[in-house]
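Input: a single structure, listed below in structure tokens.
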Amino acid sequence: MWGGPRARSEAPLSESERLLFSGALRHDKKWAVYEDPLLRMSLWSMARQFPSMLATVCRVAWGVDRAALLVVFGTNLAAGLMTAFGLVATNQVLVHLFAAGPTAERLREALPALLSAGAVAGVSVALGSWSVMYAGRLYPKIELAYTARYYRGMARCEMAALENKDIYKVLAAGRYGTDSVKRMLRYAVDILHDVVGFAASALVLALLNPLLVAALALIAVPRWLAAVAVVRRTYASMHVWLDHTRAVDTITYPITRVDVSAEVRVHGAGKLLMDAHADMAATAAREKARLARAEAGTELAGSAASGLGRLCAYGLLWLLLTSGGMPLAAAGTAVLAIRTSTGYLAGLVMQFNHMVEESMYLGDLDEACALTARHAIPEGGRDVPRGGFDVVLDRVSFRYPNTDKYALRDVSLEIPRGKVVALVGENGSGKTTLAGLVAGLYLPTDGTLAFGGVDVREADRQQVFDQIAVLSQEIAHWPMTVRANIHIGRSTVPRRDIQRRAERAAAEADVLGVIEDLPHGWDSIAVKGFERGVKLSGGQWQKLATARALYRDAPLLIVDEPTAALDPKKEIETFAALRELTDDGTTVLMITHRLAATATADLIHVLRDGHLIESGTHTELMSVEGGHYRELYELQAAQYGNGSGTVPAPRKEQPAGT
Ligand SMILES: Nc1ncnc2c1ncn2[C@@H]1O[C@H](COP(=O)(O)OP(=O)(O)OP(=O)(O)O)[C@@H](O)[C@H]1O
């Protein structure tokens, strides 16, 4: 009857899964590693959990709108009581109808009870509407409270925590809990409604004859067990088949994507994916059929056992009637009460199971919020100088979470205020990591990093962030207007200044003409697939992101590969523009593989395998016999037929490459 043993087994692998994934495609997410708590849960432990789950939800609801919570609970309690009153009133109606005497007189006598039953039904409806109204007021508030707490926490979380896969797993799982909290409350309210209704019907039965309550148990328990067994088996299957289901989605999704459409058509990837889909879907269909067979069997067994219980109950009623132990009217009420209570019970089982599932997600959300609080970037701290600062690293080492290898080792260097400083080195030498530390995103594992003499660990990090603009390799493509895509660089700019400043930044980034030529100009949505959506090229995005960074108007600008997507002419212009920024005291920290550009930098730091191996101006570094920078430069120059290592003119009057 229970889905246990099968639950822990593996879903059978299709041929396609072996071919495409060399086994099952497992996700490294929290939802995928649930040790399916629902399956391990006994009925008893589920019942015991109920009060604590209810308490959690009520605590949140109490915090956001206690009046609405009281009304919702109060109306549902009252509705349950109305069930009991309704049964009592019905009983009175039956008593009068089955009494001796002329029909008209019996009907007249039954009228007050009939009216009471009608009034009770009316009050129940009114209570129901009232409950719906207040619940509608309460649910969004709870959702908002939880959602805001979660996302605020995520936005303030240290990057190192996000990079830690164990922490991230919990944080990512928390997102699903934001929906759960609302549903938890809804289930809790429904459960309360069903419990009170069930208890009221059982009470009426007990008043009629205590033996009937035992008979009710005979009807109810098998159905409850069957329903729980079906739900548990479904969850068991879901957990075992979760990876499989998502793998099916994973392989079909690319077929709909525009960016891989060429491969889907020209390479025939579409056929491979579709065949795999058919194969994997067939495996899943067999599982569905197995579930359906098992469910039919369980339902049959449950209904048969419950039917036997019903026979016992009606047999008992018959015995009571024939022995004169119960009047006919009471028996009629008992039948009604039995039907009412079993109806409540069926709802109760379903709500309860849903609630247990939701409680897992809610638990994840609580855990995620607690983690974001523990790993939050500290608020406040020592003031850093306004209007820019020198950045000094002293024997800084850094290791990413979950790694043994140091990305930076014993790095000591300076990024002087108002200068163009270039970071140079081969792939993986640590340039981006160093830029992340300078941006205040990471804290050194060892050593010290100071902004204007203030150690990053003591500094007010918000003040540090306020003075830094980042133009990273991975450009954020915000699905907003191009105006908003620039404004998001400094969202504190007053509304009235947005357009003027955005236009200035766009002009500086040489993207103003592009924006004005868009079909909807500044109101174009920068991502396709939306009304007014446009598709920008890689280079246009890079310029838009440059405009975003310039709009920020920060004294320290960190640019990582700023010209990767630009054509040679724009590349030269961009480096010249960055150079010009230093005229007003802006510091530019630039990471680039285009060494023609570094020639114009005031200072070049060369990294290799996480170590700082050389520092100096282009001229100084080119004079180092056998130096790494010189080697890299000459390699690049040779590609253009200029292996001599001739130094291009370093100042903006004659930008590199001209
Ligand atoms: N988030 C991360 N988690 C773990 N290791 C990382 C992470 N980011 C970078 N690394 C590792 O740190 C080292 C330095 O990487 P980094 O990205 O700083 O190099 P880079 O010089 O910027 O490279 P590139 O020129 O290719 O952009 C590499 O060994 C890389 O694998």
Side-chain angles (χ1 to χ4, degrees), residues 28-29 154 157-172 371 375 377 391 393 395-413 415 420-447 449 456 468-476 538 541-542 545-546 549 556-566 571 574-575 578 588-599 601 603-615 621 627-629 631-633 635-636 639:
D28 186 20
K29 302 268 166 53
M154 283 297 274
C157 203
E158 288 279 13
M159 281 290 287
L162 296 184
E163 299 264 3
N164 183 319
K165 71 177 168 53
D166 297 327
I167 296 179
Y168 186 73
K169 216 182 261 181
V170 178
L171 297 183
L371 263 185
H375 295 279
I377 295 171
V391 184
L393 283 79
R395 307 204 60 178
V396 165
S397 296
F398 180 76
R399 198 154 44 92
Y400 283 99
N402 308 114
T403 56
D404 296 329
K405 190 173 164 261
Y406 277 86
L408 291 175
R409 200 81 215 222
D410 269 342
V411 173
S412 299
L413 56 81
I415 298 160
V420 174
V421 179
L423 288 181
V424 171
E426 290 165 300
N427 292 128
S429 54
K431 303 181 297 292
T432 303
T433 306
L434 180 55
L437 282 152
V438 173
L441 290 172
Y442 299 105
L443 299 177
T445 310
D446 296 301
L449 185 151
V456 62
I468 294 177
V470 177
L471 181 52
S472 68
Q473 277 176 11
E474 279 126 35
I475 294 166
W541 261 116
Q542 195 139 25
T546 307
L556 170 57
L557 175 63
I558 301 174
V559 284
D560 195 345
E561 286 294 337
T563 61
L566 300 185
E571 183 185 356
T574 303
F575 285 127
L578 289 175
V588 179
L589 176 64
M590 174 174 66
I591 299 172
T592 183
H593 290 286
R594 318 261 173 129
L595 298 191
T598 56
L603 180 60
I604 303 164
H605 295 302
V606 186
L607 292 172
R608 189 175 209 172
D609 288 336
H611 294 269
L612 178 73
I613 53 168
E614 292 167 12
S615 281
L621 295 178
H628 189 53
Y629 177 83
E631 182 196 1
L632 292 175
Y633 187 87
L635 273 173
Q636 264 188 24
Q639 288 183 326

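First listed ligand is number 1; within each ligand, the first listed atom is number 1.
Near ligand 1, residues Glu163, Tyr400, Thr403, Lys405, Ala407, Glu426, Asn427, Gly428, Ser429, Gly430, Lys431, Thr432, Thr433, Gln473, His593 each place a heavy atom inside the 4.0 Å sphere around the ligand atoms.
Between the Lys431 side chain and the Glu426 main chain, a donor and an acceptor come within less than 3.5 Å of each other. A donor-acceptor contact shorter than 3.5 Å links the side chain of Glu614 to the backbone of Tyr629.
Side chains of Asn164 and His375 form no contact here, defined as non-hydrogen atoms less than 4.5 Å apart. Using a 4.5 Å heavy-atom cutoff, the side chains of Leu408 and Thr445 are not in contact.
Using a 30° and 60° split on the angle between ring planes, Tyr400 and Tyr442 fall in the perpendicular class, above 60°.
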Give the C-alpha distance, both sets of side-chain angles, the deciding distance and a yes or no for side chain to side chain contact (heavy atoms under 4.5 Å, CB included) between Asp446 and Tyr406. CA-CA 11 Å; Asp446 296 301; Tyr406 277 86; 3.7 Å; yes

